[in-house]
Amino acid sequence: IGVFTFDPGYGETASCESQITYIDGDAGVLQYRGYPIEQLAENSDFVEVCYLLMYGELPTTEQLAKFRDGVTRHTMVHEQIRNFFNGFRRDAHPMAIMCGVVGALAAFYHDNLDINDAKQREIAAFRLVAKVPTIAAMAYKYSQGQPFVYPRNDLSYAANFLHMLNSVPAEEYKVSPTLEKAMDLILILHADHEQNASTSTVRLVGSTGANPFACVAAGIAALWGPSHGGANEAVLKMLAEIGDKSNIPQFISEVKDKNSHTKLMGFGHRVYKNFDPRAKIMKETCHKVLAELGVTNEPLLELAMELEKIALEDEYFVSRKLYPNVDFYSGIIQKAMGIPTSMFTVIFAVARTIGWISQWKELIEDPAQRIGRPRQIYTGAVDLQYKDIASRG
Ligand code: CMC
């Protein structure tokens, strides 16, 4: 039968070597290619971060211009892709649409794709990073019964995404610089996070030699769950259910009751046992965005801050080292930006696409890579004798 190391949830297992993202969970450190997330959030923009993640260095002016051009030339989707949307119900969750339509990109670009050719890998990366926001915006527009909005390549990545989400053709939509900056920051903070569940999924699928569009679609599916990227949507639902500060103690006791299966969404992390540095930036941004939007009294933010304060003083959370993670505040910012709750995880997927494709590229280029194939501890029966159906029971 064989004896293997038993590591449910892979808490103690390194599945690969990587040079992309560094986390020190005890110190609350996150770095992309060695650069602290705080510095990138302050000084960089999402496309520059994409370059950094993909190629390992910050670009020169020329390299960045070429890279931007490479991304923007792929922002349109094939007209046939429009037809996919008609097959979905209008109330379909946009993540369901994302799983299907991003996977379907393989049907358009798979046939001649040689994953062993560096140039073709790069074009696949451009296609994914460029088309995922277009598809995400189409999923939203479809749910609203509004016409699709074509991408504008004269805008920044973040502004173009907001343009595609918000424009109504009859009137000229002007992207507010505050919203553009906030969207850019959300994208930077979610761009990569080493071997989380969705990235590990992308790598596992990629290890079989599957095409990158299928790999990223698998990543989107893994991201959807509420323990992972779906948490941002779940945080808002949780806050809405709590409703009022006076209900927090009751909610906290429910979380502490093991039989309730209720979790404090947006809290806890497998790796961060101090604080999630992304949550810190997100919280500051949340205050800034609300102030710039002129929102002086946002009851959800006040409720979230009170909930955080009570949890951080509670022995249950302190002893388990549970701190707010990136999802605790990201939903509140997105809500203030006018983004519907069902799009929160989709925006996470748009941001994480560069992380997935960079990790996929690293995997394919790693000479030590081989098919991912965990073993198991078999606990079932063995060597039974087949019984005729008449003699069972
Ligand atoms: N609320 C209440 N209790 C919790 C929570 C929480 N959010 N998170 C962990 N615990 C408890 C857990 O029940 C366990 O208690 P005990 O030792 O008594 O059994 C202890 O803390 C250790 O937790 P764990 O289950 O071993 O932690 P994990 O590393 O397996 O899970 C997690 C990590 C993120 C899935 C979990 O903390 C969680 O479900 N959090 C809520 C969902 C969430 O916010 N997810 C977003 C994560 S960050 C962004 C991303 O990855 O996409």
Side-chain angles (χ1 to χ4, degrees), residues 14-25 27 29-74 113-132 156-158 184-196 198-207 211-213 215-216 219 271 277-278 281 326 348-370 372:
S15 61
C16 63
E17 287 186 326
S18 179
Q19 300 187 350
I20 300 178
T21 290
Y22 171 70
I23 300 177
D24 180 339
V29 168
L30 167 63
Q31 300 181 350
Y32 295 161
R33 299 283 191 180
Y35 292 96
I37 191 68
E38 294 79 6
Q39 288 183 25
L40 295 169
E42 177 83 28
N43 302 304
S44 203
D45 82 339
F46 179 64
V47 172
E48 185 176 71
V49 166
C50 289
Y51 185 100
L52 175 67
L53 287 168
M54 204 159 125
Y55 299 110
E57 310 270 0
L58 283 170
T60 62
T61 310
E62 207 175 71
Q63 286 167 331
L64 184 58
K66 202 166 157 223
F67 184 74
R68 271 190 214 286
D69 185 58
V71 172
T72 46
R73 81 177 47 216
H74 290 287
L113 180 67
D114 177 2
I115 60 169
N116 296 313
D117 177 335
K119 193 77 211 149
Q120 293 195 36
R121 284 198 295 275
E122 190 176 51
I123 293 174
F126 281 147
R127 284 192 168 126
L128 276 157
V129 172
K131 291 182 200 310
V132 164
S156 73
Y157 191 93
D184 200 62
L185 194 82
I186 290 169
L187 296 174
I188 291 174
L189 294 182
H190 288 87
D192 194 54
H193 213 233
E194 53 120 301
Q195 306 314 315
N196 55 81
S198 58
T199 303
S200 298
T201 301
V202 169
R203 278 188 177 260
L204 191 58
V205 179
S207 78
N211 73 76
F213 304 100
C215 296
V216 168
V271 185
R278 302 168 300 172
I281 302 172
V326 68
F348 194 155
V350 169
R352 188 54 61 84
T353 296
I354 185 60
W356 290 327
I357 201 67
S358 302
Q359 299 265 355
W360 172 81
K361 184 171 166 286
E362 186 177 61
L363 167 98
I364 301 294
E365 290 168 5
D366 181 354
Q369 97 87 8
R370 55 187 196 146

Inset, instruction - Going by the side chain to side chain donor-acceptor pair (under 3.5 Å) test, name the single residue among Arg33, Gln63, Glu122 that passes it with Tyr55. - result: Glu122
Inset, instruction - Would you check if the side chain of Asn43 reaches a backbone N or O of Ala41 as a donor-acceptor pair within less than 3.5 Å? - result: no
Inset, instruction - Please work out which of the three classes, parallel, tilted or perpendicular, describes the rings of Phe67 and Phe126, given edges at 30° and 60°. - result: tilted
Inset, instruction - Looking only at non-hydrogen atoms, find the nearest pair between Arg68 and Val47 and report the distance. - result: NH1-CB, 3.3 Å
Legend entry - For Val129 against Cys50, the heavy-atom pair lying closest together: CG1-SG, 4.3 Å
Legend entry - Glu42 atom CD, neighbour heavy-atom count above 12 within 6.0 Å: no
Legend entry - Donor-acceptor side-chain pairing of Ser18 and Glu194 below 3.5 angstrom: no
Legend entry - Contact summary for Ala349 and Trp356, nearest pair of heavy atoms: O-CZ3, 3.8 Å
Legend entry - Gln195 to Thr199 - nearest heavy-atom pair and separation: OE1-CG2, 3.9 Å
Inset, instruction - Work out which heavy atom in Ala124 is nearest to a heavy atom in Pro212; give both atom names and the distance. - result: CB-CG, 3.8 Å
Legend entry - Smallest separation among heavy atoms of Gly206 and Leu363, with atom names: C-CD2, 3.5 Å
Legend entry - Student check: side-chain heavy atoms of Tyr32 and Ile37 closer than 4.5 Å: yes
Legend entry - Main-chain N/O of Asp45 paired to Tyr157 side chain as donor or acceptor, under 3.5 Å: no
Legend entry - Spatial distance of atom CG (Leu113) from atom CZ (Arg127) [nearest 0.5 Å]: 8.5 Å
Legend entry - Arg278 side chain vs His190 backbone, donor-acceptor pair below 3.5 Å: no
Legend entry - Short side-chain to backbone donor-acceptor contact, Tyr35 and Val49, under 3.5 Å: no
